[in-house]
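Scroll down for the structure; my scribbles are underneath it.
We number each residue from 1, following the sequence as shown. In listed order, ligands and their atoms are each counted from 1.
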Amino acid sequence: MTQFATQLVHGVEVHDNETGAVNPPIYNSSTYAFSSVDEAPRWDYARSGNPTREFLERQIAQLEHGFQGFAFSSGLAAIHATLSVFSPGDRIVVGANIYGGTYSQIHEHFDRWGLDFAPVDTQDLEAVERALQLVPTQALYIETLTNPVLQVNDVAALASLAHRYGAVLIVDNTFVTPYLQQPLDLGADIVLHSATKYLAGHSDVIAGLAVAKSESIAHRLYFALNRLGGALPPAECDSVRKGLQTLALRMDRQQSNASPIARYLLAHPLISVVHYPGASEAGKALLESKGLRGAGGVLSFEVKRGVDPSIVVNNLKIFRLAVSLGAVESLAELPCRMTHFEIPREERLKLGISDELIRLAIGIEDVHDLLADLEQAFTLAAKSERPSPRQNRVSTRA
Ligand SMILES: *Cc1c(COP(=O)(O)O)cnc(C)c1O
């Protein structure tokens with residue numbers, strides 16, 4: 001059995017390539033010929049399956065240690081297909097701090113289809129247990145690291161709680177990737193990805209992946225992929241495959257850039273809080289205790305009251321002002337105005353997403369340039385600072 005970084009480069013062969021080409025072919029064919037009506041070919045119609053997609057699906061199943069993988073036209077299509085395997089009346093306990101698009105899909109779509117969602121703080125295992133105990137529950141749905149304040153969820157503990165009460169555990173592993181943790185090994189039953197982010201890694205494709213641990217769940221996910229029809233087209237499958245080849249390299253660089261940036265922010269007089277568990281020994285111990293091999297390349301921080309965070313993000317030159325994360329280029333955004341603007345302010349504040357919070361997605365540039373870019377933006381923001389009575393709060397809270 002080869003090691004993870006080797007698996008990233010080579011994938012699992014589909015045995016369709018007779019030319020010796022080192023990259024798997026992109027098959028631009030919607031249909032595949034039968035040799036006779038009695039002999040159905042391995043692939044017949046490209047929505048149901050095709051060799052380019054199968055290469056990627058086998059690859060993600062291998063990397064996540066699952067039974068079978070599925071490639072969807074977006075992360076939200078993967079989440080939609082997964083939630084569609086449940087039936088009206090089923091109850092799903094959901095992490096209170098999940099991706100905004102998932103939150104909206106749940107409340108503006110699946111609520112109408114009769115699924116019953118109950119939010120819970122997944123950091124509070126007693127609260128999770130109470131939610132599961134209360135009423136028979138079919139699933140617990142969580143994200144490994146929460147966005148944007150990077151709380152570290154305990155996948156193993158949440159899996160055993162879910163299973164104790166007869167629920168499956170669904171984990172959105174987008175912020176972590178199988179390079180840093182394989183949730184199925186810790187007891188999860190389904191892993192989901194927005195492959196748009198770290199896995200593809202170049203901000204050039206929208207894609208989603210799902211991996212099932214068991215054959216019975218795989219069977220239901222395959223039906224949802226094929227019959228709801230949100231499959232990822234061959235060229236996009238190849239973009240994700242190519243991105244995956246450099247996942248470990250990119251993530252290593254993103255993390256080795258993120259640590260000094262987090263330490264710089266912690267020491268900066270304009271900044272009150274930094275959220276990045278990879279920056280301190282205590283944070284690293286916390287990550288390790290929850291089975292994570294790193295903190296990834298996203299961090300967030302609050303500027304002190306009186307400092308206008310929009311001046312900071314508007315004046316960054318190397319960091320692009322954009323949503324999304326996990327790609328080669330560094331991005332900055334203001335969650336209260338961009339990724340999390342749909343959440344009512346009161347609720348947002350409860351999740352730790354203040355008006356002063358800035359999220360950075362660290363890329364693979366030279367870290368000196370990234371630090372200099374932040375420094376010049378802070379200098380501009382300091383010039384327009386308004387006096388504030390508030391004290392500095394310094395924390396490395398995970
Ligand atoms: C971006 C994202 C999604 C949605 O994925 P798309 O590819 O944009 O549809 C889901 N979950 C998380 C954690 C994300 O960051």
Side-chain angles (χ1 to χ4, degrees), residues 56 60 64 69-84 92 94-110 117 119 122 140-153 155 169-181 183 188 190-211 224-225 228-233 236-237 239-240 243-244 247 251 254 275 292 295-300 322-327 331-333 335 338-343 351 353 359-363:
L56 174 63
I60 192 63
E64 286 286 12
F70 303 93
F72 293 88
S73 55
S74 68
L76 279 184
I79 294 165
H80 173 243
T82 300
L83 295 179
S84 80
I92 302 179
V94 183
N97 192 357
I98 53 166
Y99 176 71
T102 308
Y103 180 92
S104 153
Q105 184 182 97
I106 282 173
H107 293 294
E108 287 159 55
H109 177 75
F110 278 110
F117 293 98
T122 47
L140 172 61
Y141 183 106
I142 66 157
E143 294 177 5
T144 333
L145 273 179
T146 66
N147 171 23
V149 295
L150 302 175
Q151 290 174 325
V152 188
N153 278 322
V155 174
L169 179 66
I170 303 168
V171 176
D172 180 335
N173 204 30
T174 300
F175 267 58
V176 170
T177 84
Y179 183 47
L180 301 182
Q181 185 179 80
I190 300 174
V191 166
L192 299 170
H193 281 281
S194 169
T196 311
K197 316 290 170 51
Y198 288 105
L199 301 187
H202 294 75
S203 302
D204 59 354
V205 62
I206 297 280
L209 295 168
V211 184
L225 172 65
L228 299 178
L232 190 64
E236 280 72 12
C237 289
S239 285
V240 178
L244 273 169
L247 172 67
M251 188 65 107
Q254 286 163 326
H275 301 290
L292 273 139
V298 174
L299 56 84
S300 62
V323 303
S324 200
L325 57 110
L331 303 175
E333 66 113 2
M338 296 169 71
T339 47
H340 292 71
F341 79 97
E342 281 163 309
I343 307 179
L351 299 173
I353 306 167
R359 185 182 81 182
L360 301 180
I362 307 297

Treating [X] as the side-chain partner and [Y] as the backbone partner, does any N or O pair qualify as donor plus acceptor under 3.5 Å?
X: Asn173; Y: Gln181; answer: yes
X: His202; Y: Ala200; answer: yes
X: Gln105; Y: Leu76; answer: yes
X: Gln254; Y: Ala327; answer: yes
X: Thr146; Y: Asn97; answer: no

To check your reading of the model: name the closest protein heavy atom to [atom], its residue, and the distance in Å.
atom: atom 15 (O) of ligand 1; answer: Lys197 NZ, 2.7 Å
atom: atom 13 (C) of ligand 1; answer: Asp172 OD2, 3.4 Å
atom: atom 9 (O) of ligand 1; answer: Leu76 N, 2.9 Å
atom: atom 3 (C) of ligand 1; answer: Tyr99 CE2, 3.3 Å

(request) Say whether Gly75, considering both its backbone and side-chain N or O atoms, lies within less than 3.5 Å of an N or O atom on ligand 1. (result) yes
(message) If you measure every N or O of Thr102 against every N or O of ligand 1, does any of those distances drop under 3.5 Å?
(response) no
Check each atom of ligand 1 against the heavy atoms of [X] and keep those under 4.0 Å away; list them by number with element.
X: Ala207; answer: 7 (O)
X: Phe175; answer: 15 (O)
X: Ser74; answer: 7 (O), 9 (O)

(request) Start with the C-alpha distance between Phe110 and His80, add both sets of side-chain angles, then the distance that settles ring pair (Phe, Tyr, Trp, His ring centres under 6.0 Å), and finish with yes or no. (result) CA-CA 9 Å; Phe110 278 110; His80 173 243; 5.5 Å; yes
(message) Just verifying a value: how many Å separate Leu292 CG and Tyr179 OH, rounded to the nearest 0.5 Å?
(response) 13.0 Å
